[in-house]
Amino acid sequence: MPNDNIQRAIKKGTGELGGAAYEELTFEGYGLGGVAVIVDCLTDNNNRTAASVRSTFDKYGGNLGTPGCVSYMFSRKGIILIENDEDAEIDEDALMEAALEAGADDMIVHEDSFEIVTEPSAHPEVHQALIDAGYELVESDVEYVPSMEATPTNPDDIKKLAKMIEVLEDNDDVQKVYTNCAIDLFEE
């Protein structure tokens, strides 16, 4: 390979070479077992990303669909996770009060964490209010939350679906993969 090509690739990768424009893309489709899948991407090459996502769906028995084919099964919500460990000693009532006063819709208590749910427009204010109140946020983002779930019953379908999600998440252009699968695909 010529040295000029190597140098150009290095400059493009480090951002020194202008002209790289990134676009957000969203792909929708179905995995095995009727599970709806939404793939959020950020790419500088739409053709490469589309081909890669389509190939992954095809390889693992899924079907890439048209925009809107599964998004009706999801709603956009702000999700903020706060870890609940013994060392933190978080007062559940105080956390709920701080979140609700800032504009949160709900708080779900899990065994090891608290999940604060907001409308997308209220997410930045709730996020900042919880940080200002001294809470350490594990995760905070606006995500697709399923409003209806699907449960694959065939063990082979579950394995293939888990592998498809894993391959999609390993793609450098893919930012996040959302499913409406009712079971944990990566349960050990």
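Count residues from 1 along the sequence. Note: hydrogens, waters and symmetry copies are ignored here, and every other heavy atom, side chains too, is used.
Put simply, the side chain of L25 reaches to within 4.5 Å of the side chain of T43, judged on heavy atoms. At a threshold of 4.5 Å between non-hydrogen side-chain atoms, the residues P152 and L32 do not count as touching. Side-chain atoms of V70 and V37, non-hydrogen and from C-beta on, never get closer than 4.5 Å to each other. Using a 4.5 Å cut-off on side-chain heavy atoms (C-beta onward), T26 and V39 make no contact. With a 4.5 Å cut-off on side-chain heavy atoms, T49 and E23 do not count as touching.
Considering all non-hydrogen atoms of both residues, A36 and N180 come closest at N-OD1, 2.7 Å. Of all the heavy atoms in E149 and A182, the pair that sits closest is OE1-CB, 3.5 Å. Between I38 and S71 the shortest heavy-atom distance is CD1-CA, 4.1 Å. Taking each heavy atom of E28 and L64 in turn, the nearest pair found is O-CD1, 3.5 Å.
Separation of atoms CD1 (I158) and NZ (K160) is listed at 13.5 Å; rounding is to 0.5 Å. A distance of 4.5 Å separates CD1 in I82 from CD1 in I116, rounded to the nearest 0.5 Å. Distance check, rounded to the nearest 0.5 Å: CG of D40 to CD of Q175 gives 8.0 Å. Residue I80 holds its CD1 atom at 6.0 Å from CG of L137, rounded to the nearest 0.5 Å. For the atom pair N171 CG and E169 CD, the distance stands at 11.0 Å (nearest 0.5 Å). Taking OG of S147 as the start and CE of M73 as the end, the distance is 8.5 Å to the nearest 0.5 Å.
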Using residues 122-130 as the side-chain source, report each donor-acceptor pair under 3.5 Å to any protein atom, sequence neighbours left out, with the distance given to one decimal.
unit_1: H123; atom_1: NE2; unit_2: S140; atom_2: OG; d: 2.9
unit_1: H123; atom_1: NE2; unit_2: D141; atom_2: N; d: 3.4
unit_1: H127; atom_1: ND1; unit_2: S140; atom_2: OG; d: 2.6
unit_1: Q128; atom_1: NE2; unit_2: D132; atom_2: OD1; d: 2.8

Considering only distance and modelled atom types, tabulate donor-acceptor pairs under 3.5 Å from the side chains of residues 92-112, sequence neighbours left out.
unit_1: H110; atom_1: NE2; unit_2: E115; atom_2: OE1; d: 2.8

Is there a side-chain contact (heavy atoms from CB on, under 4.5 Å) between S113 and V138 once you walk through the steps?
CA-CA 9 Å; S113 64; V138 175; over 6 Å; no
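Applying the salt bridge (charged side-chain N to carboxylate O under 4.0 Å, His left out) test to D173 and every residue at least two apart in sequence or in another chain returns R48. Remark: K163 pairs with E166 by the salt bridge (charged side-chain N to carboxylate O under 4.0 Å, His left out) rule, at least two apart or across chains.
No side-chain donor-acceptor contact under 3.5 Å links E139 to the backbone of L81.
Dense packing is recorded around CG of D91, with more than 12 heavy atoms of other residues, nucleotides or ligands lying under 6.0 Å away.
Following chains of ILVMFWY side-chain contacts shorter than 4.5 Å, one can reach I131 starting from F114, so the two form part of one hydrophobic cluster.
Counting only residues at least two apart or on different chains, the ring pair (Phe, Tyr, Trp, His ring centres under 6.0 Å) pairs with a member in residues 131-175 are Y144-Y178. Among residue pairs with one or both ends in residues 23-77, none qualify as ring pair (Phe, Tyr, Trp, His ring centres under 6.0 Å); sequence neighbours excluded.
Using a cut-off of 4.0 Å between Lys/Arg side-chain N and Asp/Glu carboxylate O, E143 and R76 are scored as not salt-bridged.
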